[in-house]
There are 2 protein chains.
Amino acid sequence: MALTRKAPKAPPPRKARLSREVVLAAALELVDAEGVDALTMRRLGQELGRDPMSLYRYAASRAALLDGVTETVLDELTVFADDVDWQTQLRRMAHDLRLVALRHPNVVPLLVTRPLSTPLGLRPLAALRPLEQILDLLIEAGFAPADALHVYRAYYGFLYGHILNELQEFIVDPDENEAILRLGLHRLPAKEFPRLRALGPVLADYNGETELDQGLGILLSGLAAQLSGPHPKPVA
Amino acid sequence: MALTRKAPKAPPPRKARLSREVVLAAALELVDAEGVDALTMRRLGQELGRDPMSLYRYAASRAALLDGVTETVLDELTVFADDVDWQTQLRRMAHDLRLVALRHPNVVPLLVTRPLSTPLGLRPLAALRPLEQILDLLIEAGFAPADALHVYRAYYGFLYGHILNELQEFIVDPDENEAILRLGLHRLPAKEFPRLRALGPVLADYNGETELDQGLGILLSGLAAQLSGPHPKPVA
DNA sequence: GCGTAAAGTCTACAGCGTAGAGAAGGTGCC
DNA sequence: GGCACCTTCTCTACGCTGTAGACTTTACGC
């Protein structure tokens, strides 16, 4: 009897009590492995050894479940609150988000589109926390609140744009990448797309990390210069 | 008899010959009006007074139909090929795309996510044409091809990011906007989100156009400076 | 041991994308 | 005119989807 009590937290193959966390984790796993479309209630139920309907205890609908998945992913973001320079701080966050996106490419479509259906203030808190954090960081660094907002917008805009860009450029592993890429480009009418075709080799070796970093550098220093930025505390 | 022959191109309520253009136009209309989810084969068939299956003559699948819709939207982009400065040229294109996005907000999710499932070279030509155009523009302006690619990436990244940002910020018309926005912000735990809540008023009057323009300005001039840019032909 | 609330299940329904076979319609040749 | 042909369109059917509502099982406090 004492044995059948309750396994504390181990993941036994079948029948442990469900919980929102468990459900979302399984959902994320499924999305990572097979894409958003594979996440159906029936399939997820099967994955958990439960009736599909039991999931509705932990997510009000499939849409809510998807929101939960994005929230779970955003929770992977590690928060640093050191006192380094605001620019490097933003850079670090950006790279962090980039890595999360690369770790869960199938979630990125959700990341960028789900918010579109929810007015800003009504989003999951996890989605707003970075915003608040960054605003705080910038204001703390000396920006006027309104300017902080501008900086944030440019920053996040660029960041999300970059992530979309990067995910579009490679999909397969770098080995066959080049071949496939070339194959694709080869299809293009030479007359209409001379530039693109000529850039094939350059396209093949793409380094998202440095590309992001450089773009951010330009943008941030530009912003700092234009807005009567933070009192520039030189590196004493 | 002569009457029932064939109406040449007018849109009679029911039975004119279908065509890919007609189908895609109807699809776009539906998406604009009711969102992506409303675009089902059955519904679209009904809208056209046809059996759903007839649509498969003009789009191989629902996914292909969605691709067709995005292509249709991108075709709205007007192409300028004047000889003005490359920066203002890029600016103009950006504003153009922004307006298209605002005109078809429901299509934006498709615009940003569909390419994720298609390797670069295999995308619809309409999606690649802007890339080619911009590369050409930049190289013509004096950039080295590889640098042109960097500029393009930063530019498009920022542009798409901005569009996503902007669409997230307003959804409703500006009148009730403020109220709803405030309502949303009000919900936020005051302790955790002081900055965001304080910015309510500022958030309410947002001008996407100038926001885009300024961000672009910063980015482009930064790029021009960093890369051994185009031979700077000063404004004689 | 029992009562109660929570957790999980079953059944059912309307709607989905689309395969495959067939009907209707237009067009050209004799 | 009549016939053949090819394109366009329709019908039927299948397996899948999300989820409402009623039911059964389980866990837990007293």
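Both backbone and side-chain heavy atoms feed into the values below; hydrogens, waters and symmetry mates do not. Not measured: the values here are computed from a predicted model. Proteins come first, then strands; the chains are lettered A, B, ... in the order of their sequence lines, and each starts at number 1.
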Handout entry: Toward the 5' end of DNA chain C, by each residue's nearest nucleotide, B:Ser61 or A:Leu18
Key =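 Upstream on the strand: A:Leu18.
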
Side chain of [X] only, heavy atoms from C-beta on: which candidate in [options] is closest?
X       : options                : answer
B:Ser54 : C:dT18, D:dT19, D:dC9  : D:dC9
A:Met41 : D:dA27, D:dC11, D:dG18 : D:dG18
A:Met53 : C:dC10, C:dT18, D:dT8  : C:dC10
B:Tyr56 : C:dT18, D:dT10, C:dC10 : C:dT18
A:Arg42 : C:dG8, D:dT10, C:dC13  : C:dC13
A:Asp51 : D:dT12, C:dC10, D:dC9  : C:dC10

Whole-Å gap separating [atom2] ([N]) and [atom1] ([X]):
X       : N      : atom1 : atom2 : result
B:Arg20 : D:dT8  : CZ    : P     : 14 Å
B:Leu65 : C:dT18 : CG    : C1'   : 13 Å
A:Leu66 : D:dT17 : CG    : P     : 14 Å
A:Leu44 : C:dG8  : CG    : P     : 13 Å
A:Gln46 : C:dT9  : CD    : P     : 13 Å
A:Glu34 : D:dC16 : CD    : C1'   : 16 Å
A:Leu55 : D:dA20 : CG    : P     : 14 Å
B:Arg50 : C:dG25 : CZ    : C1'   : 12 Å

Completion exercise
Comparing A:Arg43 with A:Arg57, nearest DNA chain D nucleotide closer to 5' gives the residue A:Arg43

Problem - Carboxylate-amine/guanidinium contact A:Arg153 B:Glu166, below 4.0 Å - result: no

Practice task
Would you give the length of the straight line joining atom CG of B:Leu216 to atom CZ of B:Arg91, rounded to the nearest 0.5 angstrom?
Solution key: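 That separation rounds to 6.5 Å.
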
Handout entry: Nearest-0.5 Å distance that lies between atom CZ in B:Arg195 and atom CG in A:Asp136
Key = 4.5 Å

Handout entry: Note, A:Leu55 side chain near A:Leu48 side chain (heavy atom, < 4.5 Å)
Key =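 They are in contact (side-chain heavy atoms under 4.5 Å apart), so the answer is yes.
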
Handout entry: B:Tyr156 and B:Tyr160 aromatic ring geometry - parallel, tilted or perpendicular at 30°/60° bounds
Key =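 B:Tyr160 vs B:Tyr156 ring planes: tilted.
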
